[in-house]
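To find a chain, count down the sequence lines: A is the first, B the second, and so on, and within it residues start at 1. Because only heavy atoms are used, hydrogens play no part in the values below, and waters and symmetry mates are left out as well, while side chains stay in.
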Number of protein chains: 2
Amino acid sequence: MTKIIGKQSVQFENPPIILGFSSVVGPKEGQGPIGEYFDKIVEDPAWGEPNWELAESKFQKEAAKLAVQNASLAMTDIRYIFGGDLLNQLIASSFGLKDYQVPFFGLYGACSTMAESLQLASMSIDGGFAEYSLAITSSHYCSAEKQFRFPLELGTQRPPTASWTVTGSGAIVLGKQGKGPKITHITTGKIMDYGVTDAMNMGASMAPAAVDTLYNHFKDLGRTPADYDLIATGDLGIVGKALVKTMLYEKGYKLEDNYTDCGLEIFAAVTQDTHAGGSGCACSAVTLTGYFLKKMQSGELNRILIVPTGALLSPVSSNEGESVPGIAHAVVIEN
Amino acid sequence: MTKIIGKQSVQFENPPIILGFSSVVGPKEGQGPIGEYFDKIVEDPAWGEPNWELAESKFQKEAAKLAVQNASLAMTDIRYIFGGDLLNQLIASSFGLKDYQVPFFGLYGACSTMAESLQLASMSIDGGFAEYSLAITSSHYCSAEKQFRFPLELGTQRPPTASWTVTGSGAIVLGKQGKGPKITHITTGKIMDYGVTDAMNMGASMAPAAVDTLYNHFKDLGRTPADYDLIATGDLGIVGKALVKTMLYEKGYKLEDNYTDCGLEIFAAVTQDTHAGGSGCACSAVTLTGYFLKKMQSGELNRILIVPTGALLSPVSSNEGESVPGIAHAVVIEN
């Protein structure tokens, strides 16, 4: 049997099993529409740390610990951690995970990192390189605003197309054997650049990547959107979601009510003043681990397609007038 | 047969084959002791681009193209690119590789990225997820100094422990079948933090990671340093290399004359004023692809252990008083 399917997809021979997962979020996420589902809500976004970066590290450290606990494993059972975050040089991950002393692959896929980590962790299991691997990512509103936009103290006004970075961390333990939902297929995305230069409109910059990955996913697997109980992009928000629907329709696939975007699930945009929706690595990560996977456990969902999306900009590239390329990776999870 | 060896290592069942590789460097590297070996020496470090970031992207774009050409393949044959660089949010890779339209996994392992990309690309081949994968990385003296230390225009004095970031990019095409040296084993490193806080002494901060990975490599495989024609760490320089020898000796393994550091191979420290040695993702990448792999082709070397090393700091973490954790990944290449 070949695992290589079509142009960009893989069908696993021994689908990795989700043995444990966790979601640790900040207060705003806890107050949102899916707040009741999260494993842990931390009321102080700084979590007692002296700076936002160390606070984000603490979210990741806690999420890793909980996911391994929930899988009834010890950290020493984990062969590899596949993780990353939005901060320059991945300091949230490096400082959050260093104490665990697990072989580490640092990843950067911007807000698509949860899918990137799940894809590579899945390969490590199906390929026979690990018994157990951990996929993890985090983001933090305060560290992200400080790094990518403006220090919070400035009180800078945000345009309606702007999104709100989710504070939190999501982690998933994959294993070769055991009980739980399985990762059956993946579609790895290409870097797509439609020339959007507005760094305050991430939805528009990432939508072409989501469309390309979704299109190739459906083509590679010979599936349609109707084959899934749920299709969820990562953090396109209101603007990007509408673009995806239109662009994918033009390519022959119609997304119906089973399509949502994690950025629209996690916050109540109007009452929580989050404008276009939630974003950040943790947006798709905790919506998956906090909400969707629990709906799979309860049997409400049985086959989902999750497509975290990332904007590959840096303040330097934007200041130099460059566009904002996007990337999106798709992961199929089945009961 | 199990591929999982010891605590941190993998023995490939069908060792991925190095089908093509490339090295593209700047003028200082071209003038160095191994200058004659590089595929391409670019005399203008800006390479006609308006900024250092785009210049670095161009090095990576060219290295990818050459490696694929040298493998007698087309870019459309490549299933995955595993790549990364030192710049915030990996912009050198994103902008350098986007035109190729190949599914992309962005990696950050600081200056260990060439090993990280080779390890994951190897898994993609041995695991049956790809026929051909490309591993790539880059660094650029001018973009790195600007981002991590001081703009060149300031003419800031550098301490003797400081290293000199290599300008260039190295790329390797791995395949399932064909002729070439093979990647037989890998040892994936853990994040090691001995509390070094001097960001101008990367060698000292990364040495414990190199020691830990080397130690576990020898233990896992039941080998000793004498089993290799060459052992090369990534960019520890004079300071780090001496530490590795001492620390590993204390752990029971004596490194002899077959041990070198890429940072000491690529520059003539005294005449080229590079202080502790070369560094950056490209240091181990182009020393491997430009020099060691050519010595394997000629039969001068037959079994090498390459251990690129990375310092997981960011200017933010250093400014906040944090230590500089390190990481190192080992790759065995055999004729």
Task: Closest heavy-atom pair and its distance - B:G128, A:I4 - done: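 Taking every non-hydrogen atom into account, O-CG1, 3.6 Å.
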Open item on the list: Minimum heavy-atom separation for B:P315 and A:Q89, please, with both atom names.
Closed with: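 B:P315 and A:Q89 have their closest heavy atoms at CD-OE1, 3.8 Å.
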Open item on the list: As an exercise: rank B:Q147, B:K146, B:Q101, B:E131 by heavy-atom pairs under 4.5 Å with chain A and give me the winner.
Closed with: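 So the answer, after comparing B:Q147, B:K146, B:Q101, B:E131, is B:Q101.
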Task: Partner chain A: residue of B:G310, B:S93, B:P325 with the largest heavy-atom pair count (under 4.5 Å) - done: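 Most pairs with chain A among the choices: B:P325.
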Side chain, backbone, both or neither of [X] within contact of chain B (heavy atoms, under 4.5 Å):
{"X": "A:Y100", "result": "neither"}
{"X": "A:S112", "result": "neither"}
{"X": "A:I91", "result": "side chain"}
{"X": "A:L54", "result": "side chain"}
{"X": "A:D193", "result": "side chain"}

Atom pair [atom1]/[atom2] of [X] and [Y] - distance to nearest 0.5 Å:
{"X": "B:N88", "Y": "A:F148", "atom1": "CG", "atom2": "CZ", "answer": "8.5 Å"}
{"X": "A:F104", "Y": "B:I191", "atom1": "CZ", "atom2": "CD1", "answer": "4.5 Å"}
{"X": "A:E320", "Y": "B:W52", "atom1": "CD", "atom2": "CH2", "answer": "11.5 Å"}

Open item on the list: Less than 4.0 angstrom from a charged side-chain N to a carboxylate O is my criterion; do B:K98 and A:E322 meet it?
Closed with: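 Looking at A:E322 together with B:K98, the answer is no, because their closest N to O distance does not fall below 4.0 Å.
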Open item on the list: Do B:I81 and A:K190 make a side-chain contact, defined as non-hydrogen atoms from C-beta onward lying under 4.5 Å apart?
Closed with: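 A side-chain contact is absent here, since even the closest heavy-atom pair is not under 4.5 Å.
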Leading residue by heavy atom contact count with chain B [cutoff under 4.5 Å; candidates [options]]:
{"options": "A:M192, A:H329, A:E116", "value": "A:E116"}
{"options": "A:G84, A:S124, A:G109, A:S314", "value": "A:S314"}
{"options": "A:I327, A:L313, A:L120", "value": "A:L120"}

Task: Option from B:Y80, B:F105, B:F129 for which side-chain contact (heavy atoms from CB on, under 4.5 Å) with A:Q119 holds - done: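 Of the listed options, the one satisfying the test is B:F105.
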- [ ] Return yes if some donor-acceptor pair links the side-chain N/O of B:E53 with the main-chain N/O of A:S317 below 3.5 Å, else return no.
- [x]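 Not confirmed, B:E53 side chain does not pair with A:S317 backbone.
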- [ ] Please confirm whether the backbone N or O of A:P103 pairs with a side-chain atom of B:Q8, one donor and one acceptor, at under 3.5 Å?
- [x] no
